[in-house]
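Start at 1 and go down the list; that is how both ligands and their atoms are numbered.
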Amino acid sequence: MGSSPTPSVSLFFNKMIEVKNLYKYYGEDPAVRGISFNVEKGEILGFLGPNGAGKTTTLRVITGFLYPTKGEVFIDGKNVLEEPLYCKKKLGYLPEDNPLYTDLTPREYLSFCAEARGIEDAQKKMEEVIEKTQIAEVWEKPIGELSKGYRQRVGIAQALLHDPEILILDEPTTGLDPVQIIEIRNLIKELSKEKTILLSTHILPEVQMLATRVIIIHRGVIRAEGTPEELSKKFKAKEISFALKGDENKIRERLEKADFVSSFELMSKEDAVYGKFLPKENGDPREKFAKFAYENGFLILELYSKSLGLEEVFIELTKEEQK
Ligand code: ATP
């Protein structure tokens, strides 16, 4: 057997984006507080968080539009601050507010972008992105007269123009109508066949539909990370539902004192007091609860742990924000 050829370094290198211990302050206010994560080649990473979580700030640092206060970002192994041109070639960016020149037509706008980026085979590249983003029919219309869905397409065409390996999309479906949302999501899905995608959104179904992996960010900190299935599993047994025979006030009073209960809800029905609680620690606290019920003289009628769906995990992790 002949020896196999030495593989190139890039075969070993799958981290297209590497964010290391990133901090960003605006004056005294921390927007991002020590986050680290990777985006692997070929994945769609959903960057999920409520408004103000720090998503846009993180994306701006990754794309080199903002300096980090502390920490580093690498694109395909190169530091964004040290090798900005290399990194910009690798990245296509659709900013949140998609700043388009409304007087220009898509043709004029993309020609301008191609020139600014020094793209040599501009005509060919433009034809490719027209095809990919399906904007041929609005090609000669002023951008200001286009629907929001078409504007997003033009924005994505702009991000794709230099044929980057990585696409960074900041809230790409915000402000679109339901039909446009589906069209843009389908386009993202199509693009993911050949691009690595970092998709920021606060819309959970978007992540469930598109992302292969999810990062939940809240108040500038990563609260959870994994595939949608992993996240649901991780929080399995977090929520315990029960039905007890006993006096509701007494149950409430005892639960308030129970050291393994983080928060709880109760509701009395004719036959029993129904409730659910979140334990203080990870793991399955049903044994503790059974002991608690026995010691306080409550008869257990039902007791089960519930696996939380991604939506419930998200709500749980970002609860303070929702209040
Ligand atoms: P959204 O979806 O609402 O854009 P986000 O998750 O993208 O939210 P960021 O826009 O990164 O969050 O904002 C994070 C925090 O930083 C917020 O508290 C925001 O008010 C603050 N912030 C963002 N940009 C600036 C700025 N240029 N100057 C001062 N504070 C800012």
Thinking salt bridges, do E225 and R213 make one under a 4.0 Å N-O criterion?
yes
Charged N-O contact under 4.0 Å between K132 and E128:
no
Ring pair (Phe, Tyr, Trp, His ring centres under 6.0 Å) evaluation trace for Y274 with F242:
CA-CA 6 Å; Y274 289 84; F242 59 84; 8.9 Å; no
Under a 3.5 Å threshold, I'd like every N/O contact between ligand 1 and protein atoms, with atom names and distance.
unit_1	atom_1	unit_2	atom_2	d
ligand 1	2 (O)	N51	OD1	3.3
ligand 1	2 (O)	K55	NZ	3.3
ligand 1	2 (O)	E171	OE2	3.2
ligand 1	3 (O)	N51	OD1	3.4
ligand 1	3 (O)	G52	N	3.3
ligand 1	4 (O)	E96	OE1	3.4
ligand 1	4 (O)	E96	OE2	3.1
ligand 1	6 (O)	A53	N	3.0
ligand 1	6 (O)	G54	N	2.9
ligand 1	6 (O)	K55	N	2.9
ligand 1	6 (O)	K55	NZ	2.9
ligand 1	7 (O)	T56	N	2.8
ligand 1	7 (O)	T56	OG1	2.7
ligand 1	8 (O)	G52	N	2.7
ligand 1	11 (O)	T57	N	2.9
ligand 1	11 (O)	T57	OG1	2.5
ligand 1	12 (O)	G54	N	3.1
ligand 1	24 (N)	Y26	OH	3.4

Sequence neighbours excluded, the answer for side-chain contact (heavy atoms from CB on, under 4.5 Å) partners of Y86 is D76, K78, E83, K90
Could you list the residues that satisfy side-chain contact (heavy atoms from CB on, under 4.5 Å) with N38, not counting sequence neighbours?
K15, E18, E40
Listing request: all salt bridge (charged side-chain N to carboxylate O under 4.0 Å, His left out) pairs with a residue in residues 96-112, at least two apart in sequence or in separate chains.
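Only R107-E140 qualify under salt bridge (charged side-chain N to carboxylate O under 4.0 Å, His left out).
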